[in-house]
Amino acid sequence: MATLKPRIFAVANQKGGVGKTTTTINLGACIAQLGHRVLIVDLDPQANATRGLGIDSRLVDHSLYDVLLHEFPIEDVIEPVSVKNLYVVPSSLDLAGAEIELVPAMNRERKLKLALDTVLDDYQFVFIDCPPSLGLLTINGLTAASEVLVPVQTEYYALEGLGLLIRNIELVTRNLNPELHLSTIVLGMVDARTKLSSQVSDEVRSHFGDKVCRQVIPRAVRLSEAPSFGQPISVFDPGSRAATAYRTLAKEVLDE
C-alpha cells in the first residue's frame, strides 16, 4: 500500500506578532492528539516554538543550525515533547548567523528540504515555523514545504505585507518549488466584541475565499500564558475557549 505523502506547511507571515509560533505549536499539538505523527521545525533563531514546547534551546547538544550548516543528520536532532506523537527540531541562537553563513553554500535554498527528505516517512504532518522576514531561512522553509499557512491578526494593517508574501510565494513556486501553494489562512487574536475584528475578518474572507479557515482563534490570556509553561494550550488549559478553537481548527485542516 502506498503511503500518503505528508503535508508540509510553512507557517509564514513577514509581519511579526501575528501568532505564527502560537499557531504552529497549538495546531501541531491538536493534530498530534488526534493520532497523527507531527514534526515541528523551529526555523526562527528566537526559538520560541522550541521553548513553547518545553525544551530549553540552550541545553540541546545540536539544533537546526547544525543540520543546515554542518549537514548533521536531522534525525539526531529531533526531540520528542510531552504531547504524544509530537516532535520538534529545536532552534538555537546560532541560527541568527545562518542567514549570512548560508550565502556562499551550495544548494543554499534547499538545505532544509534535503534534510527533511530523510525523515518524511516517519511523519504525517510537518509545520515549519518561519522567522518574520524573507531571508534565506524563510526561503528554505518555503522550498521545503508544499503548503503555506498564514496566520493573520484581525487588527489594523492585517492585510499589510500579505501582498508581498504572496509575491514571494509565487517567486519560490516559479524558481525553486513548483508544488508550493498558499492553502490556509488562520484568523487569530479575534475579539468578537469589536467591530474591527469582524470588519478585518470579512475583508480577509472576501480577498481569499475558502482558503480562510471557518474556525477563528479568540484572543485569550491563557493562550499567551501557555508557552511560558512549555505547553500547548490543549495541555495547559484543555477546557479553555482557545483549546477548543484549536481542536476544531485541527479537524478542519485534517478534512481538507
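- Considering L114, V41, L102 in turn, L102 is the only one that fulfils the side chain to side chain contact (heavy atoms under 4.5 Å, CB included) rule with N140.
- To the nearest 0.5 Å, atoms OG1 (T248) and CD (E252) are separated by 8.5 Å.
- Hydrophobic cluster membership differs between V60 and L112, with clusters built from Ile, Leu, Val, Met, Phe, Trp and Tyr side chains linked at under 4.5 angstrom.
- In summary, of the residues considered (I25, I40, V38, V88), a side chain to side chain contact (heavy atoms under 4.5 Å, CB included) with V81 occurs for V88 alone.
- Hydrophobic clustering (ILVMFWY, side-chain heavy atoms < 4.5 Å, transitive): L86 and V119 are in distinct clusters.
- Within the structure, the salt bridge (Lys or Arg N to Asp or Glu O under 4.0 Å) test picks out no pair touching residues 76-85 (sequence neighbours left out).
- Across all their heavy atoms, A98 and L69 have their closest contact at CB-CD2, 3.6 Å.
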Please report, to 0.1 Å, the donor-acceptor pairs under 3.5 Å made by any side chain of residues 122-130, with sequence neighbours excluded.
unit_1	atom_1	unit_2	atom_2	d
Q124	OE1	R37	N	2.8
D129	OD2	T21	OG1	2.7

Could you pull out every donor-acceptor pair under 3.5 Å between side chains of residues 212-222 and any protein atom, sequence neighbours left out?
unit_1	atom_1	unit_2	atom_2	d
R219	NH2	E155	OE2	2.2
R222	NE	D237	OD2	2.9
R222	NH1	E225	OE1	3.0

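- A single hydrophobic cluster is seen to contain both V77 and L39, as judged by linkage of ILVMFWY side chains at heavy-atom distances under 4.5 Å, directly or through other members.
- E71 approaches K111 most closely through the heavy-atom pair OE2-NZ, 3.5 Å.
- Considering only residues two or more places apart in sequence or on other chains, S63 meets the side chain to side chain donor-acceptor pair (under 3.5 Å) condition with S92.
- Rounding to the nearest 0.5 Å places CG of L164 at 7.0 Å from CG of L134.
- The stretch residues 175-184 participates, sequence neighbours left out, in these salt bridge (Lys or Arg N to Asp or Glu O under 4.0 Å) pairs: K5-E179.
- Minimum heavy-atom separation, L176 to R110: O-NH2, 3.3 Å.
- Atoms CG and CG, on L254 and L249 in that order, are 9.5 Å from each other to the nearest 0.5 Å.
- Applying the side chain to side chain contact (heavy atoms under 4.5 Å, CB included) test to T173 and every residue at least two apart in sequence or in another chain returns I169, L180.
- A distance of 9.5 Å separates OG1 in T143 from CG in N175, rounded to the nearest 0.5 Å.
- For the side chain to side chain contact (heavy atoms under 4.5 Å, CB included) criterion with T23, the lone passing option out of L149, V150, N13, T184 is L149.
- Using a cut-off of 4.0 Å between Lys/Arg side-chain N and Asp/Glu carboxylate O, D117 and K113 are scored as salt-bridged.
- Aromatic ring orientation, H70 versus Y65: perpendicular (interplanar angle above 60°, classes split at 30° and 60°).
- Residues L95 and L137 come closest through the heavy atom pair O-CD1, 3.9 Å.
- Taken from CZ in R247 to CD1 in I233, the straight-line distance is 9.5 Å, to the nearest 0.5 Å.
- At a cut-off of 3.5 Å, with distance as the only test, a side-chain donor of T50 or D42 sits close to an acceptor on the other residue.
- Between T22 atom OG1 and N48 atom CG the span is 8.5 Å, to the nearest 0.5 Å.
- Of the N and O atoms on the side chains of S133 and Q14, not one donor lies less than 3.5 Å from an acceptor on the other residue.
- Smallest separation of non-hydrogen atoms from T154 and D191: OG1-N, 4.4 Å.
- Of all heavy-atom pairs spanning A145 and A10, the tightest one is CB-N, 3.6 Å.
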